[in-house]
Structure formats: C-alpha cells, structure tokens
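Naming: A, B, ... by sequence-line order, numbering from 1 per chain. Keep in mind that what you see is a predicted model, and the values were worked out from it rather than measured.
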There are 2 protein chains.
Amino acid sequence: MKMDMFEAKTQVVKALAHPLRLAICEYLLNIKEPKCVNHLANHFKKNQSVISKHLSILQQVNIVTLKKEGIYNRYTLSNPAQIRCIIDAINSIVKENALKNSKIVEMMD
Amino acid sequence: MKMDMFEAKTQVVKALAHPLRLAICEYLLNIKEPKCVNHLANHFKKNQSVISKHLSILQQVNIVTLKKEGIYNRYTLSNPAQIRCIIDAINSIVKENALKNSKIVEMMD
DNA sequence: CTACTATATTCCAATATTGGAATATGTCAA
DNA sequence: TTGACATATTCCAATATTGGAATATAGTAG
C-alpha cells in the first residue's frame, strides 16, 4: 500500500466527512464509554449494516478502536483529544458562517 | 436551504476531504499571503479549471476567502487558526498510525 | 471597440460513496 | 449439536465526486 502524505491525511478527513460518522464520533466523544454496534444502530435509528460499515470506515483509519467483549464489539475513539480539536474547530467555522449569513439576511431586510 | 447541524458540519469536513484541497489549505496556511488561481495551478501542476473548482468548493463553506485585485482573484484562509487545529490533529493521528504500523511490521519480522 | 490574460462555469465520462437487503460469520448457552 | 443474537460482509442500484476539455465571463491595456 503506497500512499503519499496528503493521501493518508485525506483518508482520515474523508472518514469524518459523513453526517452519521461525524455524529457517531461526537457521540463517542461525549459518552466516553465504548459502545456496541446495536446500541449505536438504535441510538441513531439506522440499519445495523449501515452502522457497522461506517464504524469499519472509522476503524480503518484508526479514528475508532474495537474491543471485543464476548458477543459485543464495542467501539471507542482512539484519539479523543484530536477528534475534539477537529470537532471544535469545525463547530467554530460553522457558527461563524451562520453568524455571517444572519448578518447578510439582516442587510437584505 | 434547510440543513441540520451535522449536515452543515459535514459540508465543511467534506470540503477538506480531498488531497488537493487539503494541500491547498496547508499551502495557504504556511504562505500566509493570498494566492491567485494561476499561481496555485502552477504550484500544484494542475489544470486551471480544476484548481478554480476546488477553490470554489472551499469558498462555499467559507474555508477560503476571495479578494479580487484587478485581474487576479486571490484566495486566503478565512479561519487560519481553526484550519491549523484541524491539520495538526490530522497529522497527529496519521503519525500515530504510521508509528503503530511500523511496530506491527517489526513484530512480523 | 479588440486583444489578451485570469478566472469561472458547463459538460461529460469515469470513479467513488451510499443505504438496504440478503447472506455470512462469530459467540455463547442449552 | 441447535438456536438465538450480535456483527460483518456481499451485492446492487442510486447518487455524488472527480478531472479535463471546451466555453463563458471579467478585467485591463491599447
């Protein structure tokens, strides 16, 4: 598997670039306990295979770590601190954009 | 345009989820000066329309800001501090993964 | 105006991502 | 062993993203 640096970084960013995967990461960040596939499927009201596949994508780039406990496969964030940095930065950008847009709407009134 | 919060965040992450766009952001972060489309096209040895389209994607989510100066459209990062946070966090994850993989390779020797 | 340069946009084919259903695998208990 | 449950994987159709060529637009100089 040959891959240059930007490709490797992009794989990580891409893994976060989906609403459900981002939501899963935020959820795991707040909950702080490993959660199993079924729990996440119920929580997000999604098909089990969909959740499983998204977790697999997150696992491939080591955003998430799998711990097998008997029947259950429990997932946690591998790097919670880094994920928090990213989510906070994204939130900051989104909030600033919302603020800017509301100002533009005001100007157009 | 109705969009829930995770959709909005995902749009920002998606904008970064491409090797060239990530490279453009890192470049603008280091250079600190606004750069025009042609400059970036030459620097990255890419088609002008490709660069223009990628910049447009970054601009749509306000990762990048356009300043028109005569003939030139110069682009800068709108939120350099946040972009640096994100890039640093991604680098940290990628480095840790590389380290882990090299250890796995060692184990297999 | 025309010519020239910079940039944006449109069009299109190739490729990638997605969700859901079905199926396969794995783990445990009886 | 069989059954029950948790999870992963495969398959497929719908959708999204991509790069490059061609075209359109914009700004400036002559």
K.L.:
Is a donor on one side and an acceptor on the other found under 3.5 Å between the side chain of T10(B) and the backbone of A17(A)?
P.N.:
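Side chain of T10(B) to backbone of A17(A), a donor-acceptor pair under 3.5 Å: no, none is there.
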K.L.:
Any heavy-atom pair between the side chains of N79(B) and I63(B) that's under 4.5 Å?
P.N.:
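No, too far: nothing below the 4.5 Å cut-off.
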K.L.:
Residues two or more places apart in sequence or in another chain: which of them pass ring pair (Phe, Tyr, Trp, His ring centres under 6.0 Å) with F44(A)?
P.N.:
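F44(A) satisfies ring pair (Phe, Tyr, Trp, His ring centres under 6.0 Å) with Y27(A) once adjacent residues are dropped.
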K.L.:
I'd like to know if I57(B) and V13(A) are part of one continuous hydrophobic network [Ile/Leu/Val/Met/Phe/Trp/Tyr, side-chain heavy atoms within less than 4.5 Å].
P.N.:
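In one cluster: no.
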K.L.:
State plainly whether one hydrophobic cluster holds both M5(B) and L16(A), where clusters connect Ile, Leu, Val, Met, Phe, Trp and Tyr through side-chain heavy atoms under 4.5 angstrom apart.
P.N.:
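Yes, M5(B) and L16(A) fall within the same hydrophobic cluster.
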K.L.:
When you group the ILVMFWY residues by side-chain heavy-atom contacts below 4.5 Å and let the links chain together, are V50(A) and V64(A) in the same group?
P.N.:
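Per the 4.5 Å side-chain linkage, V64(A) and V50(A) are co-clustered.
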K.L.:
Looking at residues 39-68 of chain B, who's got a heavy atom less than 4.0 Å off DNA chain C?
P.N.:
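Going residue by residue through residues 39-68 of chain B, the ones with a heavy atom under 4.0 Å of DNA chain C turn out to be Q48(B), S49(B), S52(B), K53(B).
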K.L.:
Are any side-chain N or O atoms of S52(A) and backbone N or O atoms of Q48(A), one a donor and one an acceptor, separated by less than 3.5 Å?
P.N.:
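Checked: no pair found.
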K.L.:
Short of 4.0 Å, heavy atom to strand atom, which residues of residues 16-24 of chain A count as contacting DNA chain C?
P.N.:
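Output list: H18(A), R21(A).
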K.L.:
When you compare the side chain of E7(A) with that of D4(A), does any pair of heavy atoms fall below 4.5 Å?
P.N.:
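SC-SC contact between D4(A) and E7(A) confirmed.
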K.L.:
Could you tell me the boundaries of the chain A footprint on DNA chain C, defined by atoms under 4.0 Å from its heavy atoms?
P.N.:
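Taking any atom under 4.0 Å from a heavy atom of chain A, the span is dT17(C) to dC28(C).
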K.L.:
Atom CD1 in I83(B), atom CG in L77(B): separation rounded to 0.5 Å?
P.N.:
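Rounded to the nearest 0.5 Å, the CD1-CG separation comes to 6.0 Å.
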K.L.:
Mind checking salt bridge (Lys or Arg N to Asp or Glu O under 4.0 Å) for R74(B) and listing every partner two or more places apart, or none if nothing turns up?
P.N.:
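Salt bridge (Lys or Arg N to Asp or Glu O under 4.0 Å) list for R74(B), sorted by chain: E69(B).
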K.L.:
side-chain contact (heavy atoms from CB on, under 4.5 Å), that's the test. Do L55(B) and V37(B) meet it? Break it down for me.
P.N.:
CA-CA 8 Å; L55(B) 287 168; V37(B) 177; 3.8 Å; yes
K.L.:
Tell me, which of residues 71-79 of chain A have any heavy atom that sits under 4.0 Å from an atom in DNA chain D?
P.N.:
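Residues of residues 71-79 of chain A that come under 4.0 Å of DNA chain D are, in numerical order, I71(A), Y72(A), N73(A), Y75(A).
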K.L.:
Keeping N97(B) on the side-chain end and V61(A) on the backbone end, is there a donor-acceptor pair under 3.5 Å?
P.N.:
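The answer is yes, because a donor-acceptor pair under 3.5 Å joins these two groups.
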